[in-house]
Amino acid sequence: MSRFFRAEIVSNLPLNNKNNLLTIKPLEPATEPDPGQFYMVEVSNSKTPLLSRPFSFFRKTPEGIQFLFEIRGKGTLMMKGFKGGEVIHMLGPLGRGYPELEDDKIPMLVAGGIGIASIFPLVQAFGKKACLFYGARDKEGLLMLDELKGLVGELIISTDDGSMGRRGTVIDVFMDFLMQTQAKACDYTIYACGRKQMLEVLSRTALNNGIKGYISTEENMACGIGACLGCAVKVKSKELRAKSRRIKNINSELRTLDYELMYKMVCKDGPVFPLEEIVW
Amino acid sequence: MSRFFRAEIVSNLPLNNKNNLLTIKPLEPATEPDPGQFYMVEVSNSKTPLLSRPFSFFRKTPEGIQFLFEIRGKGTLMMKGFKGGEVIHMLGPLGRGYPELEDDKIPMLVAGGIGIASIFPLVQAFGKKACLFYGARDKEGLLMLDELKGLVGELIISTDDGSMGRRGTVIDVFMDFLMQTQAKACDYTIYACGRKQMLEVLSRTALNNGIKGYISTEENMACGIGACLGCAVKVKSKELRAKSRRIKNINSELRTLDYELMYKMVCKDGPVFPLEEIVW
Amino acid sequence: MNLSVNIGHLKLKNPVITASGTFGYGEEYAEFVDLNKLGAIVVKGISLKPMEGNPSPRICETPCGMLNAIGLQNVGLKDFLKKKLPYLRRFSTPVIVNVLANTIQGYVRLSTALDDSGVDGIELNVSCPNVKKGGISFGTDKKTLAKLVSKVRQSVKGSVLITKLSPNVSNIQEFSKIAEDSGSDALSLINTIPAMAIDIETRKPRLANITGGLSGPAIKPIAIRMVWESYNTVKIPIIGMGGIMNADDVIEFMLAGATAVAVGTANFVNPKATIEIIEGIEQYLRRKGINDVKEIIGKLHAA
Amino acid sequence: MNLSVNIGHLKLKNPVITASGTFGYGEEYAEFVDLNKLGAIVVKGISLKPMEGNPSPRICETPCGMLNAIGLQNVGLKDFLKKKLPYLRRFSTPVIVNVLANTIQGYVRLSTALDDSGVDGIELNVSCPNVKKGGISFGTDKKTLAKLVSKVRQSVKGSVLITKLSPNVSNIQEFSKIAEDSGSDALSLINTIPAMAIDIETRKPRLANITGGLSGPAIKPIAIRMVWESYNTVKIPIIGMGGIMNADDVIEFMLAGATAVAVGTANFVNPKATIEIIEGIEQYLRRKGINDVKEIIGKLHAA
Ligand SMILES: Cc1cc2nc3c(=O)[nH]c(=O)nc-3n(C[C@H](O)[C@H](O)[C@H](O)COP(=O)(O)OP(=O)(O)OC[C@H]3O[C@@H](n4cnc5c(N)ncnc54)[C@H](O)[C@@H]3O)c2cc1C
Ligand SMILES: Cc1cc2nc3c(=O)[nH]c(=O)nc-3n(C[C@H](O)[C@H](O)[C@H](O)COP(=O)(O)OP(=O)(O)OC[C@H]3O[C@@H](n4cnc5c(N)ncnc54)[C@H](O)[C@@H]3O)c2cc1C
Ligand SMILES: Cc1cc2nc3c(=O)[nH]c(=O)nc-3n(C[C@H](O)[C@H](O)[C@H](O)COP(=O)(O)O)c2cc1C
Ligand SMILES: Cc1cc2nc3c(=O)[nH]c(=O)nc-3n(C[C@H](O)[C@H](O)[C@H](O)COP(=O)(O)O)c2cc1C
Ligand code: FES
Ligand code: FES
């Protein structure tokens, strides 16, 4: 059973002109993915683009493994052209997914845009006890709403342009929620995936309010297995982590520490990290 | 009316596992091709392979312009994947085709393998008065036989492995024919297309027997319009041409001639040349 | 919107030039391109005497690129002035002549003659082998390059003098500086990179000449790096080239520091490439709300 | 069929080696590749002290290639010997350690320690900046290279000494000769080529380090040319690399003169690449009726 396997495209459904739902069937025995793990997908067997692209495990169905992808550039544009029956190579599941929820905690899921792909398995796992903040630029960017409604306890939707749900970023909405809520901050555990800026603000907010949690990060990738050292993300050493509760930006300190390995690999140590660990 | 135009793939019919019949419809007003002319075909709009590939005009039908192509490498392999409805760029018709037949002459058409693509329009033009020598490695390589039978006066088929028609190269068969024939050599005009070695032997034979004729040559191409100077073929200067009736290989002489432009471009001055002009 | 840029005292309608050897003598592309729309036309490299060129195969394809060993085939100075230049003169577009020789005197004689003939620019292809120096190229020896450029400089009055540097050096800054200090009005980079390919079935090199020059998208990242390094070293304008296929590539070169660009291999893939690229540049500037293309030259956010 | 080749006194089961920095410390690929099947394993470049590496983005894609500016992140000599080497020792495959430093003494100390530790080979990555020489790389300065290699030579007894030349030179023959004359047992070429890419939307370089090294199929024709030029100059074996994606590419390198080859970027695209390539070489030889892979080394039909 190898994590590098051939897979057949079962279907490649356009959800709108910017997002597709891809379903693939492994042609060899494959490993079961955990929520938050990802796969490297071979975009073209003509090797252009050369490198595979990373995509989060979205859902498992009787038909196969599903991915949600947004058309961003060359590679995803070619993936839009994937047709049923075609065979591609895939590598995965890769990386460390989201940790289990501690009993007495309430899961707060935060998804920005296509970040929902990575959060969705948690929605399935936590079901009604989960509260999902799901934001996007516009309503085009909000995917799988029907499925989500049925699954989560509370679904709070927002769009930057107000075209659906609350107007504003998912963070604004999240903050408002914190204001009103009765529960103590420490009762919550955040699970978040989205663009860098969103994750940064979210992490700072969480730290300031003493909320623990986990975020799924992104970097350009080549190997996906920790070999090329290409997907480095700056993390805090233990001792620094304590401080960071108070310090906004600690890059300055880091630079001065000689020969401390301050980088972890998104593909191997992540993509999911405790939100207090990341250096912004 | 531009020779660089967008064309829609009408159909791409596999004749066997090594050869396809491609039909395209220009989406813009396009120039009419002459027998022996060719087109540069964009193999992939993802620009890998980077360069377009040259293919002879095979036939015009109500559906569009047709090409016969043999799967040889990367590019033609991708062309095998062309699907109806896809749109590609094409450049053509290009180059100088086969000259008109002088009245009182008998056209002898000689096609080796996929060379039939270039010869076919002549078959249509000359019809019954034409005599076609058509050879290939094996019967897999013999294409469009039914159409050909209906058109030409005499169809003499050969395969290297004897799997169809006479055993031997198309040249062997052609020589035998010359032995038996009543007509004077000078009554014939040769029109030939095929691999280099075949064209070389044919040309020598023709020269030795005083038969005039034309051959369609091949070189790797980039621009197709005489700009890159990439598709050079060595030709004889006027004065040398006279001699060459007697001399087998005159490369030696050529090398000594300083600053004489001894190269012509297959894409612009050719692909069709008088057979006595080419230096082997 | 203003697309015009200046190369020395030469004003170009727009930054898009044709790369030497990839646009013939202009006439080959007149059917596809309104030559009046181009920033400038650089013709195939010209030598004093006509040159026969190399045997075939002269070109072959490589991953995202191509090799060529044309062998500098050209009609020679006399025929160029008599048969090719008059045609190009019919257009309002500046004509830049790429010149090559295997002695410094050769370069000087060519440049003098062309300068007298009133061509708008002379581009020195210094990647040619120097017979005096056992065939190592002028462009990879600092002293030789300095001598070559300053000698030519003395004899070139009217035409803009452009030095097309060889990319085959460890330190492009040094050579850029030498070309500038020796009197070049501008730099062109990069030329093709020496390379080679082998047919594993025949065991023969894919080029009759064995080695050839690599061009196309494959070399773009190397070219961008050299333009940027050069831009940080010299004050004279840089004509950037190497793998430009579309307007985005041009913007990339200009952000790296190119004042103008040359389109080469792309012409083979799409004979209308130059025109489509000019349109693409306008669209980019419009989208970004920029009204003068000069504003993006060297405007890389490096920090 | 005999696939074995010799690099100095080191005998490899087959010519397929892993390229430094593209195969981690071996363990990362053990899940996909039977490490015992490889010709040799070259590990990520090791320095005396651990190195943190560069900020992200460290990699980006280019036409038929990729750029990397990892910044030589590595665990350092101590941890390598303690934590990484023991694992690799469990396999029958020779281990070659790629070393980097910014002073000659640094290289010497590293090589001495590794030689004592009994690693099979030491590969000098001379493309690193030389602090003494204002950061210009050891591999582009003839005197420095000669000094570096001969100094290291004196301290390396058991391990095979391989010099990995910088491709960023005008004349690879000269540098190949210097490395040979200074006592290298073999040459590795080519390393990545300095390059750069820019995001035209953000105007930022695609790498935080601005420039990086170009690898992948894009550079193969340049690598083939350098291997061939080098093969015609030196007697010591050459390890060829640069854009090898499949067995055909390996045959091309060997025909050009490589005794062995290293597979780099291909590992990222296909973690089983090395194994599939070894099988592909066997198939080619069988198809051609050749029983010893050594027979094709340098057997280019150039005439
Ligand atoms: C662990 C992980 C999980 C991911 N999961 C998903 C998912 O489930 N659905 C989805 O649509 N996308 C996901 N992404 C992002 C996805 O990998 C990129 O959008 C994709 O690689 C872009 O490829 P491209 O060729 O279309 O774009 P390119 O042409 O390569 O680049 C277009 C833009 O995308 C950016 N980009 C390129 N590669 C990455 C990358 N690896 N991460 C982030 N940005 C990138 C480039 O910087 C550029 O701005 C994930 C990324 C990571 C690292
Ligand atoms: C004027 C002209 C007309 C042609 N007409 C036809 C035609 O009607 N039908 C047809 O099947 N083929 C035709 N060819 C040949 C055809 O162009 C090549 O077979 C094709 O370019 C190979 O592309 P590839 O990518 O599949 O092969 P590559 O991967 O490029 O190479 C595979 C093999 O094909 C050879 N090759 C590559 N390009 C050419 C070329 N331009 N000419 C000859 N050999 C080449 C290579 O040397 C190599 O041996 C013609 C060629 C020319 C010059
Ligand atoms: C077929 C061909 C012929 C060329 N001839 C010349 C030449 O005569 N003089 C010259 O300076 N450069 C010549 N070049 C180099 C180009 O001008 C240009 O510098 C190089 O191709 C890089 O640009 P590109 O990648 O856009 O093609 C030639 C390039 C090609 C592909
Ligand atoms: C991500 C990455 C890291 C590399 N690290 C090193 C290194 O540490 N030392 C070294 O000598 N070469 C290093 N290289 C260069 C490779 O060993 C190889 O020489 C080069 O990539 C060309 O081969 P390729 O095209 O097959 O990748 C690295 C290459 C890549 C892509
Ligand atoms: S992608 Fe290679 S280390 Fe993460
Ligand atoms: S293909 Fe360019 S000149 Fe013939």
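Below, read A as the first sequence line, B as the second, and so on, with proteins coming before strands; counting in each chain starts at 1.
- The SG atom of B:Cys267 sits 9.5 Å away from atom CD of C:Glu28, with the distance rounded to the nearest 0.5 Å.
- Rounding to the nearest 0.5 angstrom, the gap separating the CE atom in B:Met40 from the CZ atom in C:Phe268 is 10.5 Å.
- Residue B:Arg137 places its CZ atom among 12 or fewer non-hydrogen atoms of other residues, nucleotides or ligands, all under 6.0 Å distant.
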Taking it one step at a time, do C:Glu31 and B:Phe4 satisfy side-chain contact (heavy atoms from CB on, under 4.5 Å)? CA-CA 10 Å; C:Glu31 170 189 356; B:Phe4 184 66; over 6 Å; no
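- Atom CG in C:Asn270 sits 12.0 Å away from atom CG in B:Asn45 (nearest 0.5 Å).
- Within a 6.0 Å sphere centred on CZ of B:Arg6, other residues, nucleotides and ligands contribute 12 heavy atoms or fewer.
- No donor-acceptor pair under 3.5 Å is formed between the side chain of C:Arg58 and the backbone N or O of B:Ala232.
- Enclosure of atom NZ in B:Lys18 by more than 12 non-hydrogen atoms of other residues, nucleotides or ligands within 6.0 angstrom is indicated.
- Looking at C:Thr265, the atoms closer than 4.5 Å to chain B (heavy atoms on both sides) all sit in the side chain, from C-beta outward.
- With C:Glu61 contributing its side chain and B:Leu50 its backbone, the two residues share a donor-acceptor pair below 3.5 Å.
- Considering all non-hydrogen atoms of both residues, C:Pro57 and B:Glu219 come closest at CA-OE1, 4.4 Å.
- To the nearest 0.5 Å, atoms OH (B:Tyr263) and CE (C:Met51) are separated by 11.5 Å.
- At a 4.5 Å heavy-atom cutoff, C:Pro63 makes no contact with chain B through either its backbone or its side chain.
- Minimum heavy-atom separation, C:Lys272 to B:Ser2: NZ-OG, 3.1 Å.
- We find the SG-CZ distance between B:Cys228 and C:Phe23 to be 13.5 Å, quoted to the nearest 0.5 Å.
- We find the CD1-CG distance between C:Ile59 and B:Leu51 to be 6.5 Å, quoted to the nearest 0.5 Å.
- Residues B:Lys234 and C:Ser56 bring no donor and acceptor atom of their side chains to less than 3.5 Å of each other.
- Within a 6.0 Å radius of NZ in C:Lys78, other residues, nucleotides and ligands contribute 12 heavy atoms or fewer.
- Residue-environment remark: CZ (C:Arg109) stays at or below the threshold of 12 foreign heavy atoms within 6.0 Å.
- Considering every non-hydrogen atom in both B:Gly230 and C:Ile70, the closest pair reads CA-CD1, 3.8 Å.
- For the set C:Thr62, C:Asn68, C:Asn54, the count of heavy-atom pairs under 4.5 angstrom toward chain B peaks at C:Asn54.
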